[in-house]
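Below: one structure, written as structure tokens.
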Amino acid sequence: MEPRTIIEPFRIHAVEPIRMSTRDERLAAIRSAGWNLFGLHADDVLIDLLTDSGTGAMSRDQWAAIQHGDESYAGSPSWYVFLEAVQELFPFRHVIPTHQGRAAERILFSALGGPGHVVPNNTHFDTTRANVEATGALAVDCVIAEGRIPALRHPFKGDMDLDLLDRTIREAGPGNVPVVFVTVTNNSGGGQPVAMANLRGVRRVCDRHGIPLFLDACRFAENAWFIHEREEGYASTPIAEIVREMASLADGMTMSAKKDGLANIGGWLAMNDDGLAARCRNLLILTEGFPTYGGLAGRDLEAIAQGLREVVHEDYLRYRIRSTAYLGDALDDAGIPVVLPIGGHAVYIDARALLPHIPPTAYPGQALAVALYLEGGIRGCEIGTVMFGAHPDGTETAAPMDLVRLAIPRRTYTQSHIDYVIEVVRHVAELAPDLRGYRIVDAPTQLRHFTARFAPLD
Ligand SMILES: *Cc1c(COP(=O)(O)O)cnc(C)c1O
């Protein structure tokens, strides 16, 4: 028989308690957090779907690997275990460990950015955009038009618009474009994959202009799974081989091991260019540490190495992608507007469509995210005008979409947790006409969504 139910391919070995709470308790908690879900005590959250970053469960073998951690300052055996595991999938000449993805971004863009420079990407993730802009460079999103329409189905909605990319490079002048980035999967655009054919196309555009191509590869395994499932010619290709083919089209990568590294912390920067690697290593030593640990403990390097071996396993990826779709399909079936098709690591609710009476500058995503917390203790994340609406010059405009992301931590929640989430979202959707917007009372100039304080509008 071909079973319909895709079971979790693991048993639970250690449990963490969830503290139950009442709506009144949650109201008090979110009010004192300035109506910002990032300000909550995590104990006050029932189901934490804020992010899939570093929040997954590690395996028995990862915990065992931690015991192998060697904390030598230079040349630790754990570094070589890490290096080998990374290069097994991404055979770049230079691998530079960092404490997480944004450290890799900061180092790379410090070396390549600067005023007058333009960095194209299918869609910049928030920290990527912030690190590009912090150097004075311009971050330009070139995702295909389909990728900006939440309800439109397309198998590779994260694809780069190759004509738009070419035009962006010509208008900037190729000499002002130090690197082209492709984010796999496209996190800010709905966790949508990029096709191998599209990566080849981006490579051709980069070659035409003599520009290096880097992957923001945080969810490389999920992207490879979608290629395996959806792109012709890959149905019988092992996942690791698909990953190596993706890598072969690029000149380097940034990585957060908190995603498809299946670890709680870590990341790296990798590249083939010797000169660039030397500059990046010097920056690494300045803020992260010696090049054989880069801000990580030896035990972290071991956990990541083991995670990289597990994440390309087909049983894991089938379960991972199916369990995300289980939540998304149920919401779609209930008539709740979600980004379609369902992405790899998260379900994105289209708050602008669900709350048409709240204009983008009154933050419909924030209104929905707060309501999900109040009604059911679920913590999601606004990905919209709060996150992307403020510009370096102090102005504010509507983001292209106002979404609430329900990110699924890896191997952490069971199907009954997700059934509860479905029930809560359906309840909140019924309350939608009564939800009100928010205004920002206080916010920093960069990455304001993390620390902004809000007030509800009457
Ligand atoms: C998480 C993420 C980053 C940044 O990584 P951190 O480990 O959170 O610093 C960069 N790009 C994408 C696409 C991400 O999802």
Side-chain angles (χ1 to χ4, degrees), residues 30 35-38 49-51 122-126 129 141 143-154 157-158 186-192 327-343 345-376 378-391 395-407 421-422 424-440 443 448-449 452 454-458:
I30 190 68
W35 306 92
N36 186 334
L37 295 151
F38 282 99
L49 308 182
L50 181 69
T51 175
N122 44 353
T123 311
H124 286 84
F125 181 64
D126 58 353
R129 171 172 290 276
D141 293 341
V143 73
I144 54 171
E146 291 90 333
R148 298 179 195 263
I149 307 169
L152 195 127
R153 286 180 187 271
H154 182 289
K157 234 174 153 174
N186 190 23
N187 185 358
S188 301
Q192 301 290 332
L327 170 59
D329 290 344
L331 299 185
D332 184 33
D333 289 347
I336 293 158
V338 290
V339 172
L340 294 170
I342 304 305
H345 68 291
V347 173
Y348 295 70
I349 304 174
D350 184 349
R352 197 178 287 175
L354 188 64
L355 306 172
H357 57 288
I358 302 179
T361 48
Y363 315 129
Q366 189 66 22
L368 178 60
V370 170
L372 291 173
Y373 175 69
L374 267 181
E375 300 305 323
I378 296 164
R379 176 156 71 168
C381 184
E382 194 264 10
I383 301 217
T385 303
V386 175
M387 191 180 273
F388 292 118
H391 306 294
T395 59
E396 181 180 50
T397 53
M401 300 189 254
D402 278 294
L403 306 174
V404 170
R405 182 184 72 183
L406 303 178
V421 172
I422 293 164
V424 172
V425 178
R426 292 178 64 149
H427 172 65
V428 168
E430 283 166 16
L431 304 178
D434 300 326
L435 299 184
R436 294 286 166 271
Y438 284 81
R439 63 189 173 84
I440 288 180
R448 64 178 180 172
H449 53 286
F454 299 84
L457 296 171
D458 306 319

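Nothing here was measured: the structure is a model prediction, and the numbers come from that model.
- When every heavy atom of Arg379 is checked against every heavy atom of Leu37, the shortest pair comes out as NH1-O, 2.7 Å.
- Counting heavy atoms from C-beta outward, Gln366 and Val404 have side chains that stay 4.5 Å or more apart.
- Side-chain contact between Asp126 and Phe388 is present, with at least one heavy-atom pair separated by less than 4.5 Å.
- For the 3.5 Å distance criterion, the side chains of His449 and Asn36 fail to qualify, holding no donor opposite an acceptor.
- Although no hydrogens or angles enter the test, the distance criterion places a donor-acceptor pair under 3.5 Å between the side chain of Glu382 and the main chain of Met387.
- Going from atom CD1 of Ile440 over to atom OG1 of Thr385 covers 9.5 Å, rounded to the nearest 0.5 Å.
- The CG atom of Leu431 lies 10.5 Å from the CG atom of Leu368; values are rounded to the nearest 0.5 Å.
- The main-chain N or O of Pro341 is found under 3.5 Å from a side-chain atom of Gln192 such that the two form a donor-acceptor pair.
- No side-chain heavy atom of Leu403 sits less than 4.5 Å from a side-chain heavy atom of Ile349.
- When atom types are taken as modelled, the side chain of Lys157 and the backbone of Gly189 share no donor-acceptor pair closer than 3.5 angstrom.
- Residues satisfying the ring-ring contact (aromatic ring centres under 6.0 Å, His included) test with Tyr438, not counting sequence neighbours, are Trp35.
- Remark: Arg405 CZ to Asn187 CG distance equals 5.0 Å, nearest 0.5 Å.
- With contacts defined as side-chain heavy-atom distances shorter than 4.5 Å, the pair Tyr348/Val338 does not qualify.
- A donor-acceptor contact shorter than 3.5 Å is absent between the side chain of His357 and the backbone of Asp434.
- Taking 4.5 Å as the limit, every side-chain heavy atom of Thr123 sits out of range of all side-chain heavy atoms of Arg148.
- Between Gly158 and Asn122, the shortest heavy-atom distance links the atoms O-ND2, 2.9 Å.
- A salt bridge between Glu396 and Arg448 is present, with a side-chain N of the basic residue lying under 4.0 Å from a carboxylate O of the acidic one.
- Closest heavy-atom contact between Pro364 and Pro359: CD-O, 3.4 Å.
- Contact check on Asp141 versus Arg129 returns a salt bridge, with a Lys/Arg side-chain nitrogen under 4.0 Å from an Asp/Glu carboxylate oxygen.
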side-chain contact (heavy atoms from CB on, under 4.5 Å) between Val370 and Ile30, intermediate numbers included:
CA-CA 8 Å; Val370 170; Ile30 190 68; 4.3 Å; yes
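- In terms of heavy atoms, Pro360 sits closest to Arg352 at CG-NE, 3.7 Å.
- Of the inter-residue distances, the one linking Arg153 atom CZ with Leu340 atom CG reads 4.5 Å to the nearest 0.5 angstrom.
- For the side chain to side chain contact (heavy atoms under 4.5 Å, CB included) criterion with Val428, the lone passing option out of Leu354, Ile336, Leu372 is Leu372.
- Side-chain contact between His391 and Thr397 is present, with heavy atoms from C-beta onward closer than 4.5 Å.
- In this structure, the side chains of Phe125 and Asn186 stay at 4.5 Å or more apart for every pair of heavy atoms.
- Nearest heavy atom pair, residue Val421 against residue Ile378, reads CA-CD1, 3.7 Å.
- When all heavy atoms are compared, the tightest approach of Glu430 to Pro433 is O-CD, 3.6 Å.
- Using modelled atom types, one finds no donor on one side chain facing an acceptor on the other under 3.5 Å when comparing Ser188 with His124.
- In this structure, Leu406 CG and His345 NE2 are separated by 11.0 Å, a value rounded to the nearest 0.5 Å.
- Proximity of a side-chain donor or acceptor of Asp402 to a complementary backbone N or O of Ile383 within less than 3.5 Å is not detected.
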